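Treat the numbers as computed from the prediction; the structure is a model and nothing was measured.
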Amino acid sequence: EELGTVDVVFPLLHGPWGEDGTIQGMLDLADVRYVGSGVFASAAGMDKHFMKVVWAGHGLPIGPYAVITDRAWRSDPAAALDAASSMGFPVFVKPARAGSSMGITRVTEPDGLRAAIEAAREHDPKVLVEAAIFGREIECAVLQGRGVDAPRTSEVGEIRVVKGHDFYDFEAKYLAESDVELVCPADVPSDVSDQIRRLAARAFDALGCEGLGRVDFFYTDDGRVVLNEINTMPGFTPHSMYPRMWAATGIDYPQLVAELIALAMERRSGLR
């Protein structure tokens, strides 16, 4: 009422209470249309544990991981450490429901595991431990199809950490732009690009996503393509990877914004 009539909300918010289904639920209750995924897809996309469960259930390729819940850590930390160590090292320890690489630690030996888990727990009581996958980081942007059309996928892009970081961490993402190169189209074989685009669309559909999503992959040295994660509300500045990948595919920034608003207007508001 204070804002007046609102046709569509474009919730360009990241992290908890932004892309985890909470604001989407509020908008559903208010019977307001919005850009992007609904409650379940947003929540599952934010929770890296359940994201992997859904993808594995659809036969999509994911890497080895272990989940350490709050109860498991407080009741039997030794068993949790054993489960994490069983994957070998290095591993990545991360909050299950956080974004922007907050609270993530690369652990190369057992002695560093406990501190990494405690660091992740500062952001989320549920922690994910992932086996390191050695390869290139490739991304693909997904745009919902109109009507009953299948999701559209962009040219694939690559993130290259060129100096100063063990992985694509918070500092590399936001504070040290010169340490990272974003390349689109990525220099990968055409059949690999096609495979990544197909998997991106399947990953998007498996979670029931709507509107937009950016799906992140590893392309390993031995030629495997492995899903890493999805962002149901990816970075959206003109310099962010999602719009850059679409620009390389032939849809510029104003067209992309207009298309996402049109998609939101197409679907009925309220519960879906």
Side-chain angles (χ1 to χ4, degrees), residues 14-25 37-135 137 165-171 173 203 206-209 213 215-218 220 224 226-233:
H14 303 293
W17 306 293
E19 57 183 319
D20 63 353
T22 48
I23 193 74
Q24 290 77 13
S37 291
V39 172
F40 174 79
S42 298
M46 186 73 180
D47 190 317
K48 298 173 182 66
H49 169 206
F50 289 110
M51 174 190 70
K52 291 177 185 291
V53 169
V54 171
W55 282 347
H58 282 77
L60 295 168
I62 61 171
Y65 71 97
V67 177
I68 302 173
T69 64
D70 181 53
R71 184 174 64 182
W73 183 247
R74 290 191 293 122
S75 64
D76 194 348
L81 290 168
D82 286 344
S85 299
S86 68
M87 291 181 291
F89 292 88
V91 293
F92 286 90
V93 179
K94 57 182 68 174
R97 297 161 294 196
S100 300
S101 296
M102 299 291 289
I104 297 180
T105 306
R106 182 177 186 268
V107 181
T108 58
E109 56 187 22
D111 288 348
L113 200 51
R114 183 181 290 271
I117 292 169
E118 292 290 3
R121 281 171 53 81
E122 292 179 7
H123 299 270
D124 187 345
K126 184 164 72 169
V127 173
L128 202 70
V129 183
E130 297 176 332
I133 297 175
F134 298 97
E137 294 192 41
H165 309 268
D166 290 330
F167 63 98
Y168 191 38
D169 58 12
F170 179 87
E171 185 176 348
K173 286 182 178 179
L207 286 170
C209 294
V215 186
D216 302 343
F217 296 84
F218 296 111
T220 68
R224 292 180 299 119
V226 181
L227 280 160
N228 181 21
E229 62 181 60
I230 189 169
N231 267 270
T232 55
M233 187 54 71

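- Electrostatic pairing of Asp124 and Lys94 does not count as a salt bridge here, judged by no charged N lying under 4.0 Å from a carboxylate O.
- To the nearest 0.5 Å, atoms NZ (Lys48) and NZ (Lys52) are separated by 9.0 Å.
- Side-chain contact check for Phe134 versus Pro90: some heavy-atom pair is nearer than 4.5 Å.
- To the nearest 0.5 angstrom, Glu118 atom CD is 5.5 Å from Trp73 atom CH2.
- Residue Ala84 comes nearest to Val91 through the heavy atom pair O-CG1, 4.3 Å, listed as atom of the first residue, atom of the second, then distance.
- Considering all non-hydrogen atoms of both residues, Ser42 and Gly21 come closest at CB-N, 3.5 Å.
- Contact between Ala80 and Ile68 at its shortest, heavy atoms only, is CB-CG2, 3.9 Å.
- For the atom pair Glu137 CD and Asp216 CG, the distance stands at 7.5 Å (nearest 0.5 Å).
- Of all heavy-atom pairs spanning Trp55 and Ala203, the tightest one is NE1-O, 3.2 Å.
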Stepwise side chain to side chain contact (heavy atoms under 4.5 Å, CB included) check, Ile133 with Asn228 | CA-CA 9 Å; Ile133 297 175; Asn228 181 21; over 6 Å; no
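- Smallest separation of non-hydrogen atoms from Val93 and Ala116: CG1-O, 3.6 Å.
- Across all their heavy atoms, Gly63 and Val226 have their closest contact at N-CG1, 3.6 Å.
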Please step through side chain to side chain contact (heavy atoms under 4.5 Å, CB included) for the pair Thr232 and Met46, ending with a clear verdict.
-> CA-CA 8 Å; Thr232 55; Met46 186 73 180; over 6 Å; no
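- Remark: Met51 CE to Leu227 CG distance equals 8.0 Å, nearest 0.5 Å.
- Expressed to the nearest 0.5 Å, how far CZ of Arg97 lies from NE2 of His49 amounts to 10.0 Å.
- Side-chain atoms of His14 come within 3.5 Å of backbone N or O of Met233 as a donor-acceptor pair.
- Summarising the geometry, atom CG belonging to Asp76 is positioned 9.0 Å from atom CG belonging to Leu81; distances are rounded to the nearest 0.5 Å.
- Using a 4.5 Å cut-off on side-chain heavy atoms (C-beta onward), Met102 and Pro95 make no contact.
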